[in-house]
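From a predicted model like this one, the values you see are computed outputs, not experimental measurements. Lettering of chains follows the sequences in order, A, B, ..., and the numbering in each one begins at 1.
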Number of protein chains: 2
Amino acid sequence: MSTTATLRSLNVDNINPHVKEAKYAVRGELAVRSEEYRAKLKKGHPPTPPEDGLPFDQVISANIGNPQQLDQKPITFFRQVLSILEYPKLLDNEDALKKGFGYEQDVIDRARWLLKEVNSVGAYSQSQGVPAVRESVAKFIERRDGYPAEPGNIFLSAGASSGVNTLMNVICSKPETGILVPIPQYPLYTATLAVLNARCVPYYLDEGKQWGTDLEAIREAHKKAKSEGTDVRAIVVINPGNPTGASLSSEDVRAVLEFAAEEKLVVIADEVYQTNIFVGIFTSFKKGLRDLQKAVPEKFDNVELVSLNSISKGMVGECGHRGGYFELTGFDKEVAAQIYKFVSIMLCPPVIGQCLVEMVANPPQEGDPSYPLYSKEYNGIKEGLHTRALALFDAFKKMEGVECQDPQGSMYLFPTVTIPEKACQQAKSEGRQPDEFYCFRLLDATGICVVPGSGFGQRPGTLHFRTTFLAPGTEWVGRITEFHKKFMDEFRDETGHG
Amino acid sequence: MSTTATLRSLNVDNINPHVKEAKYAVRGELAVRSEEYRAKLKKGHPPTPPEDGLPFDQVISANIGNPQQLDQKPITFFRQVLSILEYPKLLDNEDALKKGFGYEQDVIDRARWLLKEVNSVGAYSQSQGVPAVRESVAKFIERRDGYPAEPGNIFLSAGASSGVNTLMNVICSKPETGILVPIPQYPLYTATLAVLNARCVPYYLDEGKQWGTDLEAIREAHKKAKSEGTDVRAIVVINPGNPTGASLSSEDVRAVLEFAAEEKLVVIADEVYQTNIFVGIFTSFKKGLRDLQKAVPEKFDNVELVSLNSISKGMVGECGHRGGYFELTGFDKEVAAQIYKFVSIMLCPPVIGQCLVEMVANPPQEGDPSYPLYSKEYNGIKEGLHTRALALFDAFKKMEGVECQDPQGSMYLFPTVTIPEKACQQAKSEGRQPDEFYCFRLLDATGICVVPGSGFGQRPGTLHFRTTFLAPGTEWVGRITEFHKKFMDEFRDETGHG
């Protein structure tokens, strides 16, 4: 406690202990240090030592899936429409827009229609989101799954994080409430459960099977939690996986839904990476559920599912616009009404973000004037991600003591690292986890910021880190390889065991 | 409980009871019904009876301070810059922008600078907000108060609501934690305290003194709460007032700060209406505190203050963009670090909203090419608000059994209504509060949606409603007057007592 603490109302010992317990490594100490380095470099700090110079000339934030901070350009169609929504008077001179700036007729038409529906992007919308946007989202879901979707069940949100926060607030009714969460996981889940003083019921993903869900592991975790008095109410699945990059098979999806039906669990399907798939096809939980309901209605008709999606990921990467949605399936009406009230306290999601959700759900189609450019940009981003994922994967394969699953989807790789005993001891003496120690060393040496596996959870005795494959080029991959070699050489023990 | 409830994981009896307890009338049943009417009218529903026709042809949402949903036009400078931020390629043809669309050089310069600082509005920013934006906010505060401000103490947020939510999450450590909240209040405060299972310690504002703060009332409320075992940690002040429209004197501000210093309370100053002032001048709590610290440092140096501001209000009215900030003064460093971690779980506020915060803090100045238009728009909005406030006030003065304080600021009037006993009985038979009954009748008869005083809290035995004065024209004011007369006639009792 600081000496002045008792003079104040608030000190770290008397604020909400559950906030204190929450951990969020993705934007923690490593990220903060990387921002300090970035600021130093911006101020023209000498990039080469001596003294306090830095041994790199660029910070690479591979700690967070933030495509537009790095290389990725926004998709033209979306941004042209948004520019008009921000300044509708651009429509007073369509000719100049077209000739001077290359706006196509479908850009103008879409902007006019959205303006009619939202009135002004500076006005609050309905708490649940603009009705017309929810209708477009419903149609998108119908096309994707081949089953009907209802705009009334769709809630627009400020990114998927805000949706998760809403759902967890409603579900977590007491300290014994538990939610099954995959390990490793995106730390939003454990952080939110900590703040809400509810229990995380961890189930391990199967690294040996491309980080797939392992029904036996889920069953065991559930049984153990129940035996400890936990009232397990929901299961989180992240597909494609974060941080793992895994893409679940339709069998895996079905198995989770069957388990949820048996145990009466809400399924929280975090599907924000649904278009980031390199291998196989994406099976949504909604489609999986509807298929099962068709086959065995009496068993599946009352399964409750929340599916979350976001404009931050996919080929869109519009993180800064904070847009997303969740769809409720099978929810009790009164519970849905409480969800509505909860979101209404924060008024509404950003309206520009809502309009972007509309366009992502309903992009230009073949034959539309903007389609050729849209399609070129979209595919270019998709190919770029795949190329970089493979380059990184190839580098990891060659690194001593590093093992990595094939890239399947999302924006991440999550390799296992074997860290020499000497390095583990050094980490301990600095009060850090070994993987965290490794990541700090990597940052200090190369300017590359990744997140240690301990920030996501990992099986005891294993160590990992998560890196995005968003940074441009492959030169930085070489910097990781080089650092790793030096690190291993520095800490290699005398017996020759890495 | 619905019949299928037990088949599901979630029903209204087993979800978070604290979410259920929260009330948020501003977007409750009345608002929902008004949206249904709006949808009906949009579908070309016959505006005149018979059958289920509506007796009005327009819904007026006077329930929420949402200027751009009604008459108010966005300020050109802000939106021109935002259009460029959304589509930076507009900068490739500056000439066409200037000649074809009237963009001035300062619009272009500001957009270039903001783009340099944020890189892309589609990228996540730092969790606390873009550093350059926080610097502009700090300079704005310095100019306003005549005292230094630190960018490091400023947290950008998705509107002020999100800031309040953050602070309450950090402060409320247990069910006995209490926060002093003015009554009447904006229901965000009571709703958030309910969700967090902490105690609202209500203190009444003094309707007889233009809804000012009454130190005796605060002292009494605090004492009573302490005697009931409440650990009172903070006091909320809304200045200018919502729903009351009051503007506090510098003496009132000082008195609250003195009380906070004596009782070691965090002051939460909701100052989102700081430029919406018709009478007197705005005294910020920050300036009040710095003045007191200069005079009596030993007493005031450790007072903790949070001041909140927003781009939704003022003459800006950009609600849909969800932008705002809060400034911490006197906070313990470790507590501030926990606040940082908490906000980082939700990643960052909308970046376009952050850019708008920057421009609101740092608008065109005299001599800048955009200044004449900016100034004309700004003053036009200000005068319009004042004119309509006075028109509404004059109408209320003439209505039987209605009393209203002089309009001083914010966007609201909060008149007292005397409701005849027969109407109160009718309300009771319909399971409604009398003021709520009155507001439903008003909506059904006129399409005008206001919020009953019970949604904000009021002294027992008094009844009010809150209306914004944002709707265009004054014709709708006449509709209220006419409705009120009919209502009073319908429910007047035989003895002639209203």
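Judged by distance alone, with hydrogens and angles left aside, the side-chain atoms of Ser161(A) form no donor-acceptor pair with the main-chain N or O of Met346(B) at under 3.5 Å. A donor-acceptor pair is defined here as one N or O able to donate and one able to accept, closer than 3.5 Å; such a pair exists between the side chain of Arg233(A) and the backbone of Ser9(B). The closest donor-acceptor contact from the side chain of Arg322(B) to the backbone of Cys348(A) lies under 3.5 Å. Judged by distance alone, with hydrogens and angles left aside, the side-chain atoms of Asn66(B) form a donor-acceptor pair with the main-chain N or O of Tyr124(A) at under 3.5 Å. Side chain of Arg8(B) to main chain of Val303(A): no donor-acceptor pair is present (N/O by atom type, distance under 3.5 Å, no hydrogens or angles). For Lys341(A) (side chain) and Ala22(B) (main-chain N/O), a donor-acceptor pair under 3.5 Å exists by modelled atom type. Of the possible polar contacts, one joining the Asn119(B) side chain to the Gln69(A) backbone as a donor-acceptor pair under 3.5 Å is found.
Looking at Thr177(A), neither its backbone nor its side chain comes within 4.5 Å of chain B, counting heavy atoms on both sides. If you measure heavy-atom distances from Ile345(B) to chain A, the contacts under 4.5 Å come from both the backbone and the side chain. With a 4.5 Å cut-off on non-hydrogen atoms, Ser125(B) touches chain A through its backbone but not through its side chain. Contact of Asn14(A) with chain B is made through backbone and side chain together, with heavy-atom distances under 4.5 Å. Contact of Pro349(B) with chain A is made through the backbone alone, with heavy-atom distances under 4.5 Å. Neither the backbone nor the side chain of Val164(A) comes within less than 4.5 Å of any heavy atom in chain B. Neither the backbone nor the side chain of Phe78(A) comes within contact range of chain B, judged by heavy atoms closer than 4.5 Å. Proximity to chain B (any heavy atom under 4.5 Å) is shown, for Leu97(A), by both the backbone and the side chain. With a threshold of 4.5 angstrom between heavy atoms, Glu35(B) approaches chain A through side-chain atoms but not through N, CA, C or O.
Distance check: Leu82(A) CG to Leu82(B) CG gives 11.0 Å after rounding to the nearest 0.5 Å.
Side-chain contact check for Asn11(B) versus Glu334(A): every heavy-atom pair is 4.5 Å or farther apart. Between Glu304(A) and Leu10(B), some side-chain heavy-atom pair lies under the 4.5 Å cut-off.
By the 6.0 Å contact criterion, NZ on Lys299(A) is enclosed, its count of non-hydrogen atoms from other residues, nucleotides or ligands being greater than 12. Applying the 6.0 Å contact sphere to NZ of Lys174(B) captures more than 12 heavy atoms from other residues, nucleotides or ligands.
The salt bridge (charged side-chain N to carboxylate O under 4.0 Å, His left out) analysis of residues 16-26 of chain B, with sequence neighbours excluded, yields no pairs. Among residues at least two apart or in separate chains, side-chain hydrogen bond (donor to acceptor under 3.5 Å, both in side chains) pairs with a member in residues 76-85 of chain B are Tyr87(A)-Gln80(B), Ser120(A)-Arg79(B), Gln68(B)-Arg79(B), Thr76(B)-Glu377(B), Arg79(B)-Glu318(B), Ser83(B)-Tyr103(B).
Note: Asn169(A) leads Val316(A), Ile339(A), Ile352(A), Asn169(A) in heavy-atom pairs under 4.5 Å with chain B.
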